[in-house]
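For this chain, numbers begin at 1 and follow the sequence in order. Counting starts at 1 for both ligands and their atoms, following the listed order. Values in this document were obtained by computation on a predicted structure and should not be read as measured data.
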Amino acid sequence: MTRSKTNMPFDLGGRVVLVTGASSGLGERFARIAAASGARVVAGARRIERLQQLHEEARGEGQDILPVALDVTDEASVIAAFDAAEAAFGPVDTVIANAGINIAGSALGMSIEDFDSMSHVNFRGVFLTAREGARRMIAAGSAGRGTGRILLISSITAHQVADRAPIYCATKAAVAQLGRALARDWAMKGINVNVLCPGYIETEMNEHAWELDGGKALLASFPRRRIMEASALDAMVLYLCSDASQQTTGSVLTIDDGQTL
Ligand code: NAP
């Protein structure tokens, strides 16, 4: 494993990385570690004030994180985010399609609006983000260089269903298969598409769940009886975004501290 001067496990120097859902949780961490690894980073989400704060903090550490207002469900917004990225840093060669939501509850009482919201953010949004990224990479000549990287954030719930999350689980399974299909679609375009399925990590998405009976029972079912740290994903995320993953495409990788055992 090569170490960059930033002391991160993979060097992303020279890369332009666009991360969706970077205003909190995992996406914010991905933006920070990409910047710390030498990339210029475009951080997209709807809560622009959060992204502004991330930008300021990164700047204090000599890193480039550009805040961009982005709604991944809206194609025009996705295109505008890539335009802003390109204007600031040049063509994006690395995409982390991370934005996602869960609206908990049984399918029986779920409104069609909630069904659509989860489908639109978690699946349509990932597709729009990945496709726009691929179009830009191809236009910038990725086929000749093999440097395009697209990482889709799925979940262990793609493989193992969770209580009170039927549509969330289904969208995450769709993302996993979409990643494999896009990897094949773009195999000759110099773009690698991979999928990461994290286990449970405490973020705004689930922060109150662990105090509830269902959350406590879930935690007790994990072999190590613990929620994962977001940092457990760092090395894999950076590898999949780096030149080192040149022959890794179409992989669906689980990192879950054994939670699904
Ligand atoms: P989080 O803290 O709630 O982050 C979700 C992010 O998605 C926020 O930045 C949010 O930003 C963004 N987002 C939501 N709707 C959006 C939209 N329409 N357009 C653009 N951005 C949007 O939760 P998280 O846990 O970090 O989740 C990040 C990803 O990891 C999700 O895909 C989730 O399914 C996945 N994941 C999480 C876990 C876990 O245990 N935490 C496990 C496996 C997978 P705004 O509201 O500002 O737009």
**Q.** Which residues share a ring pair (Phe, Tyr, Trp, His ring centres under 6.0 Å) with Tyr239, sequence neighbours left out
**A.** Phe10
Q) In terms of residue, atom name and distance, what is the protein heavy atom nearest to atom 43 (C) of ligand 1? A) Pro198 O, 3.3 Å
(Q) How far is atom 21 (N) of ligand 1 from the closest protein heavy atom, and which atom is that? (A) Ala99 CB, 3.5 Å
Q | Side chain, backbone, both or neither: the part of Ile156 lying under 4.0 Å from ligand 1 by heavy atom | A | neither
Q. Under 4.0 Å from ligand 1, counting heavy atoms only, is it the side chain of Cys197, its backbone, both or neither?
A. neither
Q.
Return the closest protein heavy atom for atom 2 (O) of ligand 1 as residue, atom name and distance.
A. Ser24 OG, 2.9 Å
Q. Which atoms of ligand 1 are found less than 4.0 Å from any heavy atom of Tyr200?
A. 40 (O)
Q.
Taking 4.0 angstrom as the limit and counting only heavy atoms of Asn206, give me the atoms of ligand 1 inside it, by number and element.
A. 39 (C), 40 (O), 41 (N)
Q.
I'd like to know whether ligand 1 has Gly44 as a neighbour, heavy-atom separation below 4.0 Å.
A. no
Q: Run the numbers for me: atoms of ligand 1, each under 4.0 Å from some heavy atom of Gly25, listed by number.
A: 2 (O), 26 (O)
Q. Would you say Asn194's side chain and Thr248's backbone share a donor-acceptor pair under 3.5 angstrom?
A. yes
Q) Where's the contact between Asp71 and ligand 1, heavy-atom distance under 4.0 Å: side chain, backbone, both or neither? A) both
(Q) Please check this pair: side chain of Arg149 against backbone of Asn192, looking for a donor-acceptor N/O pair closer than 3.5 Å. (A) no
Q: Quick one: look up the protein heavy atom nearest atom 44 (C) of ligand 1 and list residue, atom name and how far away it is.
A: Ser154 O, 3.1 Å
(Q) Can you report which non-hydrogen protein atom sits closest to atom 3 (O) of ligand 1, along with the distance? (A) Met205 N, 3.6 Å
Q. Okay, side chain of Lys172, backbone of His159: is any donor-acceptor separation there less than 3.5 Å?
A. no
**Q.** Sub-4.5 Å side-chain heavy-atom contact between Ile79 and Phe82
**A.** no
Q | Min side-chain heavy-atom separation Ser231-Arg29 under 4.5 Å | A | yes
Q) Which residue and non-hydrogen atom of the protein lie closest to atom 16 (C) of ligand 1, and at what distance in Å? A) Arg46 NE, 3.6 Å
Q) At a 4.0 Å threshold, what atoms of ligand 1 neighbour a non-hydrogen atom of Gly100? A) 5 (C), 7 (O), 31 (C), 32 (O)
Q) Is there any N or O on Val72 that sits under 3.5 Å from an N or O of ligand 1? A) yes
Q. Do Leu54 and Arg32 have side chains that get closer than 4.5 Å, going by heavy atoms?
A. yes
Q) Has Glu28 got any heavy atom lying under 4.0 angstrom from an atom of ligand 1? A) no
Q: Measure from the side-chain N and O atoms of Gln259 to the backbone N and O of Tyr200, and report whether any donor-acceptor pair falls under 3.5 Å.
A: yes
Q.
Below 4.0 Å, non-hydrogen atoms only: which portion of Ile101 touches ligand 1? Side chain, backbone, both or neither.
A. side chain
Q. Could an N or O of ligand 1 be found under 3.5 Å from any N or O of Val121, whether backbone or side chain?
A. no
Q) What residue pairs, at least two apart or across chains, pass side-chain hydrogen bond (donor to acceptor under 3.5 Å, both in side chains) with a residue in residues 88-106? A) Arg15-Thr94
Q: Within a distance under 4.0 Å of any heavy atom of Lys172, pick out the atoms of ligand 1 and give their elements.
A: 31 (C), 32 (O), 33 (C), 34 (O)
Q) Counting distance only, does the side-chain N/O of His55 pair as donor-acceptor with the main-chain N or O of Ile65 below 3.5 Å? A) yes
Q: Considering only NZ, NE, NH1 and NH2 on the basic side and carboxylate oxygens on the acidic side, decide whether Asp243 and Arg145 come within less than 4.0 Å.
A: no
Q. Got the closest protein heavy atom to atom 12 (C) of ligand 1, with its distance?
A. Gly21 CA, 3.5 Å
Q) Any heavy atom of Leu70 sitting closer than 4.0 Å to ligand 1? A) yes
Q) Ignoring hydrogens and geometry, is there a side-chain-to-backbone donor-acceptor pair from Thr20 to Ala99 under 3.5 Å? A) yes
Q.
Give me the residue, atom name and distance of the protein heavy atom closest to atom 37 (C) of ligand 1.
A. Leu26 CD1, 3.8 Å
Q.
Set out, in order, the CA-CA distance, both residues' side-chain angles and the distance that settles side chain to side chain contact (heavy atoms under 4.5 Å, CB included) for Asn122 and Tyr168, then state yes or no.
A. CA-CA 8 Å; Asn122 297 2; Tyr168 177 81; 3.6 Å; yes
